[in-house]
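Inspection log for the structure reproduced underneath, given as structure tokens.
Note that this is a predicted model, so its numbers are computed, not measured. To find a chain, count down the sequence lines: A is the first, B the second, and so on, and within it residues start at 1.
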2 protein chains.
Amino acid sequence: MRRTRSLTMVDIAKHSGVAVSTVSYALSGKRPVSAETRERIQQAMEELGFRPHEPARALRSRFSRAISLFFPTARDELQIESHIILSGALEATSEFDYSLLVSTATHDPSGIVATLETGRADGVILMEVRMADERVDKLRADGHPFSLIGRCEDNEGISYVDFDFEDAVRTAVHHLYELGHRHVVLLNRAPSIGGVDYGPTVRSQAAFQSALKELSLAGDHLLCGTSGAQYIEVLRFLERAPTCTAAVTLSVTYAPLLAALRDLGRRVPEDFSVVAIIASQIADLVTPPLTTIDMPAYEMGRLGAEILIRRLTDDELPPSQLLLRGPLQVRSSRPPPRRSRS
Amino acid sequence: MRRTRSLTMVDIAKHSGVAVSTVSYALSGKRPVSAETRERIQQAMEELGFRPHEPARALRSRFSRAISLFFPTARDELQIESHIILSGALEATSEFDYSLLVSTATHDPSGIVATLETGRADGVILMEVRMADERVDKLRADGHPFSLIGRCEDNEGISYVDFDFEDAVRTAVHHLYELGHRHVVLLNRAPSIGGVDYGPTVRSQAAFQSALKELSLAGDHLLCGTSGAQYIEVLRFLERAPTCTAAVTLSVTYAPLLAALRDLGRRVPEDFSVVAIIASQIADLVTPPLTTIDMPAYEMGRLGAEILIRRLTDDELPPSQLLLRGPLQVRSSRPPPRRSRS
DNA sequence: CGGCGCTATCGAAACGTTTCGACTGGAACA
DNA sequence: TGTTCCAGTCGAAACGTTTCGATAGCGCCG
């Protein structure tokens, strides 16, 4: 079966009595082809079941019509948001009739540049972007097309989609303040994810500190992985800080928190309130239903791919910079328990 | 910058004073090249920063060195296992120095065949396989290389990696039986995922029924999505069946169950035991810690890609059929509460 | 010392597209 | 009636590899 030489445009051309170039033009529309001829060609293609050979196209035209998403892969720690972003990117990519290549993200830029320079992809999407990111510097310096899920400190000329973590944290803290909480903890992602300079971590912390100051609140900041052991740390903290009645959690850091609270016999939301900054698809799985600020991960993936592809197809297009916000959905946050103030 | 004509083997050949074909052979090793010449070529390549052009390679050699994973995409319902599987496949793919293309899974086979016939990928991985799956039939009929995450009814000549859901369900039910439970419910995935004929669903149900019979247990079978509304159904069931003290859950169906139990004031595990058949990465996020049977999703993805690529590189290799089992990890399952038997 | 079999190399022909320049025949214009 | 223009088509030259057949040089055997 498979060893039958596959059909080429030459076959289609012969079968419909035109030149190969005419077949090509009929397919691409880059030059006019009479309705009658196009019809004949189309019919021949369907009859014979022709599919243009992609590598040949790519070789000649210098465009692969593919983009590559550099994906942070980790065997054990689940980066759920990244996965949802990937789904979104996949949707957009296939809508634009592009292919999506997924590559393993590395810290250094050489693999990324290789993907571009070998002609495997026309552009790349980067995730887990740091405030200062050498991958970005390199791509920018070389003039390669790319877009970011996330953003750097300096985003001059760069296309990105990011979630406004600063706004989210501010909103969360204000919400808790208004409920009456006076001591709040921020569970931020550990540097094992994205590194020390990881944008969301840095920005969340800054926004947290400034909100505390503004509202004259007591607050603590915990860096927190999701591995089982990490929950001990949270537990210790809660024991040490009995006045702390609420938390803002980023991504899946809600998990060790809920585990620790349960082991301390503190109920959510009666004894402790949580605002989780997290994608809705994950929040839906959590019991009790948490108050959340929805991080629209799917949309971010969609847009990240879209703004990249648009720029690929239109040289003139200026970079898009999108900063998304998520709604606060109040579910199980409550005023703090009345304490015996004696 | 980017408009500088990129380097080709011709440049390398000139620069090191050999023929283009020699450069190619030095790179591929398909014919002997003297150590000295190879050295010179290598040096030239590094000096100039040469990267072979992938589409050209693919065009001439008829191999893209890419595989495509057909990924079931859904905006709202999170198919977490699929994502973990993808990660695993990515790891294996990059280890073998292949590229991973991700495409949106469709019910009909034409898109899959297109990916192969346009030369974008050398083989494909299919997920969410049904007992009778027309995609599989088509690929097999056409003699295309592929592997399955999952399996069909008839797997003659097919490479697959599957999880042994039958064993897992049997193990789970026996575990609960031994703890003393006498009425158990199986929360199976709704047909919105994978369709009516979805392998894991069908096999789990069959194994459940046979375990019930074997142990003379009362049992119920619920098809259960993860959307918020679905939890009502679970709640209704629990109210209707007060003697039911334990559940076996597949994938994320634990979520509506935990929510319903909480709203009924029934504690896990004191009042109700759960055995979740689920990937450990997800189980780690759940409070209370559930007794699980670990579905090794990452490993499945790894192996699925590996057995496909191995067959691609070695025509003689017979298909691999792997059926994985997961360990039972007892965490929060308990004997049923003593009921007033009056 | 003629011939054989290696190893290492070369040149040229693919692979299946896209794209460029050139060429038609007829419509539109003066 | 001649010129200009345009839609539609053709042929051929790329694109950057891989691969095939040929050959040069060399050691070795008989």
Of the listed nucleotides D:dG16, D:dT17, D:dT19, the one nearest the side chain of B:Ser6: D:dG16

Under-4.0 Å side-chain N/O to phosphate OP1/OP2 contact, A:Thr37 with D:dT9: yes

d(CG, A:Asp11; P, C:dC15) in whole Å: 11 Å

Considering all heavy atoms, the nearest B:Gly123-B:Leu312 contact: N-CD1, 4.3 Å

Presence of salt bridge, A:Glu156 and A:Arg140, under 4.0 angstrom: no

Any B:Thr8 side-chain nitrogen or oxygen under 4.0 Å from OP1 or OP2 of D:dC15: no

A:Leu59 CG - D:dT18 P separation (whole Å): 12 Å

Nearest-nucleotide pick for B:His53, side chain only, options being D:dT18, D:dG16, C:dT17: D:dG16

Residue-phosphate contact under 4.0 Å: B:Thr22 side-chain N/O, C:dC10 OP1/OP2: yes

Short side-chain N/O contact to D:dT19 OP1/OP2 from B:Lys30, under 4.0 Å: yes

Rounded interatomic separation in angstrom, taking NZ from A:Lys14 and C1' from D:dT9: 19 Å

Nearest to side-chain heavy atoms of A:Val33, which nucleotide of C:dT18, C:dG16, D:dT9: D:dT9

Presence of A:Arg62 side-chain N/O under 4.0 Å of D:dG16 phosphate oxygens OP1/OP2: yes

Interatomic distance, B:Arg120 CZ vs C:dG16 P [rounded to whole Å]: 16 Å

Nearest-Å distance for atom pair CD/P, residues B:Glu117 and C:dT17: 12 Å

Nearest-neighbour nucleotide for the B:Pro32 side chain, C:dT7, C:dA12, C:dT19 considered: C:dT7

For atom CE of B:Met9 and atom P of C:dC10, their distance in whole Å: 14 Å

Short N-O contact, A:Glu134 and A:Lys138, less than 4.0 angstrom: no

Pair B:Ile112-B:Leu126, side-chain contact (heavy atoms from CB on, under 4.5 Å): steps then yes or no: CA-CA 9 Å; B:Ile112 300 169; B:Leu126 263 36; 4.0 Å; yes

Salt bridge present between B:Arg130 and B:Glu153 (N-O < 4.0 angstrom): no

Residue whose nearest DNA chain C nucleotide is more 5′ - A:Leu27 or B:Arg38: B:Arg38

Of B:Arg31 and B:Pro55, the one whose closest DNA chain D nucleotide lies more 5': B:Pro55

Under 4.0 angstrom between B:Ser34 side-chain N/O and C:dT9 OP1 or OP2: yes

Derivation and outcome, side-chain hydrogen bond (donor to acceptor under 3.5 Å, both in side chains), residues A:Thr115 and A:Ser68: CA-CA 8 Å; A:Thr115 300; A:Ser68 181; 4.8 Å; no

Any B:Ser24 side-chain N or O less than 4.0 Å from OP1/OP2 of D:dT17: no

Length of the line joining A:Leu7:CG and C:dT17:P, which is rounded to integer Å: 9 Å

Nucleotide nearest B:Arg60 (side chain, heavy atoms from C-beta), chosen from C:dC15, C:dG16, C:dT19: C:dC15

Whole-Å gap separating P (D:dT18) and OH (B:Tyr25): 10 Å

